[in-house]
Amino acid sequence: MYRTVLKLLSRSRNSGVSAGIGFDVRASMMTGIEALTGSGKVAINPKVGSLFFNNRMFSKSILTPDSEDFSSHSLKSKQAVISSDHTQGLCQDLVIPMTNFLFEDKGFMVLAGDVFDLPIRKDIIHRVVRWQLAKRQQGTHSTKTISEVSGTGRKPYPQKGTGRARHGTLRGPQFRGGATMHGPKPRSHAFKLNKKVRRLGLKIALSARAAEGKLLVFDDLKMPTHKTRNVVNWYNQMNECKKLLLVDGGPIEENLKRATQNLHYVNVLPSIGLNVYSILLHDTLVMSRDAVNRVVERMHTPINR
């Protein structure tokens, strides 16, 4: 719709239309836009337009207490929000549209700026990812020492007279089937990372997806049936999307679980299991409204000392 308006405007300029006539044409076009959108406010962000269908753009707007549309973080409004130039990392609230698996308009939602609009710090992300991978490492590697390897303990041959090197056992590390010296033993590879750093890493990962335009908010993640083809058809309509992470607020619905369990490019997590490594592993993050509220509440909860 927006591209069509630009084309008509360029044609009116190139065709030699006078200033007065051109102004009338533009005014009539804006009246048409207001009739289509239901308001004179149009929110357009070309950075994210490819993720939604053409008439549904991704809006990142800043709300202040003085603005008319200001409300709590659970805002759900049908009014269009004016888009303004937004600098990432200023901890300002973001307004994004809500939809569902049928791409229906479900209003808007405000994302807390102190969770979804933090400055990007790769060093924090690196520390948190290393902590996650080290903590999940099994550490079951094990080798046998000279007292654990099987074999006789007698001296293989006399100390002198054979011309060979002197040995007292055949279980030494220099023999085949012998012991391993200073080898690994079962242990935990986990190391300590402060809760503040871990929480900051999750906020930065969410902020990165929001800044890239790869964060989508759904009103809910309810599926009418358990058929996988419904998820596949919805996935095929998503442009520039390779791997999807669906995050729901509470326990995963049975239909959604069964519909996605056979797709290697779609994974599902509850909000309590949302982590930095999973966010980075998927290029698009889809969260339900309940999941957003629960994550924000968890990020605002004081850390127990």
Side-chain angles (χ1 to χ4, degrees), residues 51 73 88-89 91 94 96 98 109 111-140 187-218 220-221 231 235 238 241-254 256-305:
L51 288 180
H73 293 308
Q88 198 277 332
C91 297
L94 306 178
I96 65 174
M98 286 194 302
M109 185 171 186
L111 302 182
D114 57 348
V115 178
F116 292 91
D117 192 34
L118 266 65
I120 307 301
R121 290 189 55 183
K122 295 182 179 180
D123 58 320
I124 298 295
I125 295 293
H126 177 258
R127 291 178 61 184
V128 177
V129 170
R130 283 191 62 249
W131 171 78
Q132 276 191 243
L133 296 182
K135 189 175 180 62
R136 79 174 189 178
Q137 190 170 346
Q138 289 185 352
T140 55
R187 68 181 181 91
S188 172
H189 291 264
F191 57 87
K192 183 179 181 297
L193 188 64
N194 293 339
K195 291 182 180 179
K196 283 186 176 181
V197 180
R198 286 145 50 183
R199 179 175 291 187
L200 180 60
L202 183 57
K203 292 180 180 179
I204 292 175
L206 294 172
S207 301
R209 285 293 175 261
E212 295 169 355
K214 295 301 184 70
L215 173 62
L216 310 180
V217 178
F218 280 19
D220 55 57
L221 296 180
V231 180
Y235 173 82
M238 304 282 290
C241 178
K242 295 182 180 180
K243 292 193 70 175
L244 273 168
L245 179 62
L246 304 176
V247 182
D248 205 353
I252 306 301
E253 188 186 16
E254 186 64 24
L256 180 62
K257 184 187 301 183
R258 296 176 63 184
T260 58
Q261 64 183 359
N262 201 30
L263 300 176
H264 67 275
Y265 48 83
V266 179
N267 293 314
V268 185
L269 277 179
S271 61
I272 194 64
L274 185 62
N275 59 88
V276 175
Y277 187 69
S278 296
I279 294 176
L280 299 181
L281 205 60
H282 303 79
D283 61 345
T284 303
L285 178 62
V286 179
M287 301 180 67
S288 66
R289 181 161 52 96
D290 186 26
V292 173
N293 293 332
R294 293 197 182 196
V295 169
V296 172
E297 182 182 1
R298 192 175 77 186
M299 294 296 102
H300 289 167
T301 303
I303 296 177
N304 295 327
R305 296 293 182 181

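- Applying the salt bridge (charged side-chain N to carboxylate O under 4.0 Å, His left out) criterion to R121, with sequence neighbours excluded, gives D123.
- For D283, there are no side-chain hydrogen bond (donor to acceptor under 3.5 Å, both in side chains) partners, not counting sequence neighbours.
- Each side chain to side chain donor-acceptor pair (under 3.5 Å) pair with one or both residues in residues 197-206, not counting sequence neighbours, would appear here, but there are none.
- Residues satisfying the side-chain hydrogen bond (donor to acceptor under 3.5 Å, both in side chains) test with R258, not counting sequence neighbours, are none.
- Evaluation of the side chain to side chain contact (heavy atoms under 4.5 Å, CB included) rule for D290 yields S288, R294 as partners, not counting sequence neighbours.
- Applying the side-chain hydrogen bond (donor to acceptor under 3.5 Å, both in side chains) test to K242 and every residue at least two apart in sequence or in another chain returns nothing.
- Between V296 and F116, some side-chain heavy-atom pair lies under the 4.5 Å cut-off.
- Listed by chain and residue number, K222, N255, L256 satisfy the side chain to side chain contact (heavy atoms under 4.5 Å, CB included) test with E253 (two or more places apart in sequence, or in another chain).
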| task | Would you sort out whether K135 and H189 count as a side-chain contact (heavy atoms from CB on, under 4.5 Å), showing the intermediate values? | result | CA-CA 6 Å; K135 189 175 180 62; H189 291 264; over 6 Å; no

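- Judged as a side chain to side chain contact (heavy atoms under 4.5 Å, CB included), and not counting sequence neighbours, the contacts of H126 are R130.
- Remark: Q138 pairs with T140 by the side chain to side chain contact (heavy atoms under 4.5 Å, CB included) rule, at least two apart or across chains.
- Distance check: L244 CG to T260 OG1 gives 10.5 Å after rounding to the nearest 0.5 Å.
- Listed by first then second residue, pairs satisfying side chain to side chain donor-acceptor pair (under 3.5 Å) with a partner in residues 262-278 read Q132-N275, N267-H282, N275-S278, not counting sequence neighbours.
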